[in-house]
Amino acid sequence: MENLKGLTNRISDTIWEIPKSADPDMNVPVHIYYNEELFNNLDNGVIKQGINVATLPGLVNKVSVMPDGHWGYGFPIGGVAAMDAEKGVVSPGGIGFDINCGMRLIQTNLTRDEVQPKLKQLIDELFIAVPAGVGRKSDLALSPRQLDDVMVNGVDWIIDNGYGWKEDRLFMEEQGSIPDAKPELISHKAKSRGRNQIGTLGSGNHFLEIQVAKKENVYDQDTASAFGINKDNQVVIMIHSGSRGFGHQVASEYLKTFLDNMPKYGLKIRDKELAAAPIHSRDGQNYLGAMASAANFAFANRAYMMYKTRQVFSKIFGRDAEELGMHLTYDVCHNIAKFEEHLVDGRKKRVLVHRKGATRAFPPNHPDLAPQYKEYGQPVIIGGSMETGSYVLAGVEGSMHEAFGSSAHGSGRTMSRSRAKKQIDGKELEQKMHKKGIYVKAASYKGLAEEAGIAYKNLDSVVKAALDGNLTKPVAKLLPIGNIKG
DNA sequence: ATGTAC
């Protein structure tokens, strides 16, 4: 393929623009938030997909690609696109197969010194308590009525059933429950896949990790303290997972329906993977109701894994999870579409923001934030590879103007899964990690090899681009000491 | 990402 980089103009240190003039069908420009290093390795596919997305009807302002952006299904992963709520479309490819895949950060008041002697025991027990890997089932099997409840109420079902604390919902995007879910639109097949998947980790890049916040890696102590990180070598837990086979089934079914029905809506889409329907059409409304159901399932999934995590820590340290300070810092989605108000041509407008592999990053004083975070901005949780570490950042005003209040979500792969499997021996990697002080337990060595640090972009560089691009502010880098993987 | 293929 010809090199498409020539279609971009660098309009600032951190933004490469594909102007509307690059293609007659583009409705808005594309802004890629990169730095020199990331741009040098920019994949043609991202430019191509950015242009394709920019041709969708009803787009406002621009399409944004986050610093971890890479080629994905239809939309780039790391893509943000907002459509006029009245005149726009919804596109499942702009949300992703794993609906409401997201991150969760849990505090403890423990330090590394206290955790280290029990690390192996913790990880071994977590590996049992949180089923990891493809097809693994939960100890919780929901009745049809309970599953409907989860789809409508998300984390509230978890809390009402004694698996979570009342306060947990305050520290979640949408308070852990997205309105207007429609369980009656979910197929029997999706329901039967989902009923025993609450509290399961999954595979691929999903993980549950024990991490350490070293003092030297805390960049903003006030904000870190507000997020519950206030002592040197404090231990935190990060969970990355989504809606499992349930959300995947929902996404697959609606993608097919959208594709079949597109001619009906007179939509001309240049890539099948961008299948879309008008927001106000029956298909559009149905998908949004199904998406909300899967999103609430994912909130409940991560919340139940936290319940298990609190139990394991509590058992091993012989103290209540409350005594161990195991509060939720935040739970944030990075595969979802949401109705939000944003400035368009100087006026507030209701838009449907698609975030695919992009984290919501609302600034201080945003009405959606818990009072405890009003002064500091929304916690933005960025998961890195299991060898290199992760970050917690905070939302800033700039991102509202740049990218509908969004930031990056992870480091982004540089090596395909198949190449990583060929090139890296999982067993050797496990030993190497143990020597480095990271105790890892994976459902399969192949799965482990795929997630090796060298298969990923440099997360420090991605985060630096997100900070320089005024999408977020730095709070703390978190280093892994224990990890379970699917 | 995914009972990794209808």
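All heavy atoms count here, side chains included; hydrogens, waters and symmetry mates do not. In this text, all values refer to a predicted model and were calculated from it rather than measured experimentally. Here is the naming used below: chain letters follow the sequence lines, and residue numbers restart at 1 for every chain.
Distance A:Ile77 CD1 to B:dT2 C1': 14 Å, rounded to the nearest Å. Protein atom NE2 of A:His248 is 12 Å distant from nucleotide atom C1' of B:dA5, rounded to whole Å. Straight-line distance from the CZ atom of A:Phe97 to the P atom of B:dT4: 14 Å, rounded to whole Å. Atoms CG (A:Asp98) and P (B:dT4) sit 15 Å apart, rounded to a whole Å. When the P atom of B:dT2 is taken as reference, atom CG of A:Leu255 falls 16 Å away, rounded to whole Å. Between A:Lys189 atom NZ and B:dA5 atom C1' there is a gap of 11 Å when expressed in whole angstrom units. If you measure from atom CZ of A:Arg417 to atom P of B:dT2, you get 10 Å, rounded to the nearest angstrom.
DNA chain B lies under 4.0 Å from no heavy atom of any residue of residues 440-447 of chain A.
Between A:Lys256 and A:Arg244, the residue anchored nearer the 5' end of DNA chain B, judged by the nucleotide with its closest heavy atom, is A:Arg244.
Within 4.0 Å (heavy atoms only), A:Gly204 reaches sugar-phosphate atoms of the nucleic acid but no base atom. A:Glu450 comes within 4.0 angstrom of no nucleic acid atom, judged by non-hydrogen atoms across all strands.
At distances below 3.5 Å, at least one donor-acceptor pair connects side-chain atoms of A:Gln197 with backbone N or O atoms of A:Phe246. Side-chain atoms of A:Arg104 never come within 3.5 Å of backbone atoms of A:Thr329 as a donor-acceptor pair (strictly under, hydrogens ignored).
Aromatic ring pairs are classed by plane angle as parallel below 30°, tilted from 30° to 60° and perpendicular above 60°; the pair A:Trp16 and A:Phe39 is parallel.
For the side-chain hydrogen bond (donor to acceptor under 3.5 Å, both in side chains) condition, no pair includes a residue of residues 290-300 of chain A, sequence neighbours left out.
Close placement of the A:His334 and A:His240 rings is indicated, their centers lying within 6.0 Å of each other. For A:Tyr163 and A:Tyr304, the ring centers are positioned less than 6.0 Å apart.
Listed by chain and residue number, nothing satisfies the side-chain hydrogen bond (donor to acceptor under 3.5 Å, both in side chains) test with A:Lys457 (two or more places apart in sequence, or in another chain).
Taking side-chain N and O atoms only, A:Ser203 has no distance below 4.0 Å to OP1 or OP2 of B:dT4.
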